[in-house]
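Everything below concerns the one structure shown next.
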Amino acid sequence: MLQLRDSNGPATVIRRADYSAPAFWIDSVHLSFDLDPAKTRVLNKMTLRRNPDVPVQPLRLDGETLNLARVLVNGQGASFKLESGKLVLENLPLEGAFALEIFTTCEPLKNTSLSGLYVSNDSFFTQCEAEGFRRITYFLDRPDVMASYTVTLRADKQKYPVLLSNGNLVASGALEGTGNEGRHFATWVDPHKKPCYLFALVAGQLVCREQRIASRAGKAHLLQVYVRPGDMDKTEHAMNSLIHSVIWDEARFGLPLDLERFMIVATSDFNMGAMENKGLNIFNTKYVLANQSTATDADFSNIESVVGHEYFHNWTGNRITCRDWFQLSLKEGLTVFRDQEFSMDLCLEASARAVKRIEDVRVLRTAQFPEDAGPMAHPVRPDSYIEINNFYTVTIYEKGAEVVRMMQTLVGSLNDPTGRAGFAKGMTLYFARHDGSAVTCDDFAQAIADANPDSALSRLLPRFKRWYSQAGTPRLHAKGSYDAAAQTYTLHLNQTCAATPGQEAKEPFVIPVSLGLVSRSGADLPLQLRDGSASTSASHLLVVTQAEESITFINVAEEPVPSILRGFSAPVLLDFDYSDAQLMTLLAFDPDPFNRWEAGQRLALRCATALIAGEAILTGARPLNDDYVEAMRAVLRHPALDAAFKELVLTLPSETYIAEQLDVVDPQRIHAVREAMRAQLASALATDWQWAFEAHADNGAYRPDSLSAGRRALAGLALTQLCLAAQSSGDPSTGSGQAGVWPGKAYQRFKDADNMTDRLHALSALVNSGHELAKPALAQFHSLFKNEELVLDKWFALQAGSCDRGGQVLPAVRQLLKHPDFNLRNPNRARSVIFSYCSANPGAFHRLDAAGYVFWSERVLELDSINPQVAARLARALDRWSKLAEPYRSSARQAIERVADKANLSNDVREVVSRALAD
Ligand code: BES
Ligand code: ZN
């Protein structure tokens with residue numbers, strides 16, 4: 001048998017401009033697996049033919065980590081070559097279809113990369129996107145080659161009673177003959193053609209929750225959620241989410257379930273969140289398993305949107321797929337947009353929709369904006385990559401979703417102000433044109449525009465598509481001027497976009513700006529334009545297309561406060577020189593909840609940046625001015641606002657978000673300033689927090705709906721603030737007033753809570769206030785949940801992400817790595833400790849002694865030899881090193897160099913660190 005090494009040559013850059021159609025088509029694939037953890041045998045029988053549109057050339061099949069045993073062409077032994085990992089066959093038939101049979105083996109137990117075929121908890125799983133199928137068999141591993149699959153699985157019946165693959169089960173039973181004692185088989189046929197990245201198999205000891213449903217057209221479907229035997233009591237929410245997803249896609253987009261059987265399987269070893277394999281979605285347990293005692297409200301809501309997301313891929317990704325991986329946002333951006341809309345549509349109250357929008361924008365601004373300003377910046381449709389796994393980014397996903405959202409906005413009309421109807425029409429045309437094929441982002445945009453010929457999108461399409469080709473976050477500078485005599489208000493706008501790697505100058509973007517004018521008393525003023533047109537709604541949609549332009553409103557009776565970029569109508573940075581008083585007006589009254597929240601964030605940010613720039617020593621300082629504190633009190637006590645919204649307004653901008661606003665970043669200074677602000681809010685509003693906790697703490701029987709989740713979120717924030725006030729008021733027993741009782745109350749709540757949300761809030765309040773009760777609480781938490789791996793992940797993450805007081809977090813993190821429950825090979829566990837520290841705890845990670853960076857480089861290297869994809873994600877924790885103040889900057893660079901100096905780095909990590917050093 002021939003042993004192949006991974007080619008260790010220099011990493012090659014793949015370019016979008018080099019795309020060419022495949023030289024061969026693969027019509028059908030028959031795969032047979034003899035599953036054995038140490039050595040699995042794979043027989044791959046394909047029917048191929050040449051692509052007549054491409055010059056005659058050899059067949060080059062992708063393969064990695066495979067042991068090749070046999071190659072037959074039309075049943076005959078054939079000559080072949082192996083060239084840098086590829087299996088090359090020459091002299092294949094010129095005309096018509098031919099059969100190619102390839103027999104290989106692989107080693108699932110040794111596969112720690114979790115790409116290809118691997119073993120997790122004694123079961124077999126596959127992960128093929130983006131390029132994992134080549135680790136299972138030789139193939140044209142590219143998304144534009146779509147084939148029909150028949151799959152036979154053979155395995156020991158006792159150890160692997162459940163055998164699953166895509167499509168429908170057509171045969172199963174015991175295997176006969178010598179050597180087959182105790183073995184069984186199952187054969188699956190997928191009725192839909194698919195690219196190989198959507199192939200999946202699962203084999204193991206699993207149980208399932210089932211539900212039969214009927215579609216609108218009356219077709220019957222079987223839905224199944226497979227988990228390990230002890231986890232059945234955590235599957236109800238995932239099943240309900242799946243049912244809601246099926247109903248929603250049919251109602252909003254007319255897209256029905258096209259399968260008789262739709263399966264979800266959970267595994268605890270998974271690189272990502274979940275995967276949309278046709279009819280056989282494979283999920284990280286984190287996004288399936290939930291009950292009230294183990295999962296938080298956030299977990300419940302994530303499960304709903306991830307289940308939705310993977311289900312929605314069945315149309316946007318699977319029925320219509322990507323021509324090449326540069327088009328990844330075609331499926332991911334669109335499907336994130338769809339899952340965001342799904343979650344919003346499931347909200348019963350309009351205010352809950354706004355809360356969801358704010359949360360989505362927060363992710364975009366704290367993760368994607370930094371990416372777009374850093375060394376890994378790339379367009380939504382990249383031009384080149386070395387390792388495709390590095391391009392499953394927040395830009396492809398979240399910015400991609402914003403681009404789709406802007407398209408919806410830009411097909412809006414008088415009768416359809418949100419653009420929903422026009423966008424749905426566009427989707428229908430997209431499916432009419434491209435169902436069953438592999439297409440590009442251009443094809444998508446064209447279909448949406450063509451279905452709406454009179455829309456702004458259609459008029460501006462070539463310019464709009466700069467959102468796909470240009471990286472970087474545009475900055476919109478706005479200035480307003482009011483002419484009291486003429487009663488006009490003019491808004492001047494200009495846009496710029498900073499250079500990004502490989503893109504020096506940018507053309508103007510098409511930016512839909514939703515705006516309103518708010519009066520001093522807080523009402524939306526009627527909007528009238530010079531040309532006589534009046535907006536029917538309180539907001540006007542201004543579509544900015546030029547580097548500079550302006551708009552004038554007439555009959556404006558008083559000087560208004562402009563509310564710009566309502567609902568965050570475009571993914572841009574907005575500069576407007578608001579006075580504090582104007583921001584106060586918006587915070588108190590803006591009818592647009594997004595901008596109302598944003599006004600509070602701007603006020604806090606303004607205070608933070610002034611303090612950071614100043615010299616003041618912060619301990620015991622009162623950095624916030626009284627107006628701001630009073631405004632926060634007013635929001636907290638507001639009779640009409642709901643709890644979830646209050647919690648968002650009363651949460652200060654994150655350290656990461658504050659850092660993004662600064663040219664030079666001193667992470668310790670940011671941390672100290674934000675902590676001082678938090679401490680002041682805690683003590684100045686102590687009685688209000690107390691009221692908030694008491695008024696929102698009891699929510700009756702647990703339900704994870706948005707309303708009661710919002711109440712728990714606000715009660716949780718209140719408890720955190722109350723514990724913080726107790727801690728900063730000195731000795732807990734003699735602390736000022738009643739403050740000293742709160743850690744005890746938090747401990748009580750920790751013990752009594754009937755749900756994980758309240759319990760974790762209480763534990764976190766103790767841990768993050770540095771109270772001595774944190775210690776026994778952490779110990780009790782561990783012993784209560786020692787058999788619940790997802791809860792243990794929370795236990796690890798809470799400690800690694802906790803507030804640093806004098807540098808105690810890093811030694812604690814190093815201790816956690818030695819904990820018997822720690823396991824670097826399990827991505828969830830690795831993330832819960834290492835990522836929580838390096839990527840989510842800037843105040844603890846950026847140390848004057850550089851020990852955080854040393855820790856980071858050790859872990860990147862250690863992980864790289866186990867799982868390059870996870871290692872490369874960790875490598876990105878220092879993306880923004882060049883913005884750091886000294887001495888952080890130099891020591892961070894040294895840490896990156898230490899990683900880069902290592903021979904035999906994976907392409908994944910190599911690409912990330914070389915881009916970082918080029919910054
Ligand atoms: N197709 C991806 C999963 C994937 C990405 C697998 C890259 C392998 C490599 C899936 O649809 C996805 O996008 N999952 C997200 C969650 C989603 C809700 C945004 C994930 O896994 O993070
Ligand atoms: Zn996806």
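Both backbone and side-chain heavy atoms feed into the values below; hydrogens, waters and symmetry mates do not. Note that ligands are numbered from 1 as they come in the structure, with each ligand's atoms numbered from 1 the same way.
Side-chain atoms of N284 and N828 form a donor-acceptor pair, as typed in the model, at a separation below 3.5 Å.
Of the charged side-chain nitrogens involved, none lies within less than 4.0 Å of a carboxylate oxygen, so that D443 and R433 do not count as a salt-bridged pair. Taking 4.0 Å as the cut-off between side-chain N and carboxylate O, E371 and K399 do not count as a salt-bridged pair.
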N or O contacts of ligand 1 with protein under 3.5 Å, please list pair by pair.
| residue | atom | partner | partner atom | Å |
| --- | --- | --- | --- | --- |
| ligand 1 | 1 (N) | E129 | OE1 | 2.6 |
| ligand 1 | 1 (N) | E276 | OE1 | 2.7 |
| ligand 1 | 1 (N) | E276 | OE2 | 3.4 |
| ligand 1 | 1 (N) | K331 | NZ | 3.4 |
| ligand 1 | 1 (N) | E332 | OE2 | 3.0 |
| ligand 1 | 11 (O) | E276 | OE1 | 2.9 |
| ligand 1 | 11 (O) | H309 | NE2 | 3.2 |
| ligand 1 | 11 (O) | E310 | OE1 | 2.7 |
| ligand 1 | 11 (O) | E310 | OE2 | 3.2 |
| ligand 1 | 11 (O) | H313 | NE2 | 2.9 |
| ligand 1 | 13 (O) | H309 | NE2 | 3.2 |
| ligand 1 | 13 (O) | E332 | OE1 | 3.1 |
| ligand 1 | 13 (O) | Y397 | OH | 2.6 |
| ligand 1 | 14 (N) | A274 | O | 3.4 |
| ligand 1 | 14 (N) | E310 | OE2 | 3.2 |
| ligand 1 | 21 (O) | G273 | N | 2.5 |
| ligand 1 | 21 (O) | A274 | N | 3.2 |

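Residues meeting the salt bridge (charged side-chain N to carboxylate O under 4.0 Å, His left out) test with R209, sequence neighbours left out: none. Scored by the side-chain contact (heavy atoms from CB on, under 4.5 Å) test, A203 finds L35, F124, Y160, L163 as partners (sequence neighbours excluded). Checked against salt bridge (charged side-chain N to carboxylate O under 4.0 Å, His left out), D231 has the following partners two or more places apart in sequence or in another chain: K234.
Remark: K194 qualifies as a cation-pi partner of Y149 under the 6.0 Å distance and 45° angle criteria applied to the six-membered ring.
Centred on the Zn ion (ligand 2), the angle running from H309 (NE2) to H313 (NE2) is recorded as 100°, rounding to 10°.
One of the N, O or S atoms belonging to E332 lies under 2.8 Å away from the Zn ion (ligand 2).
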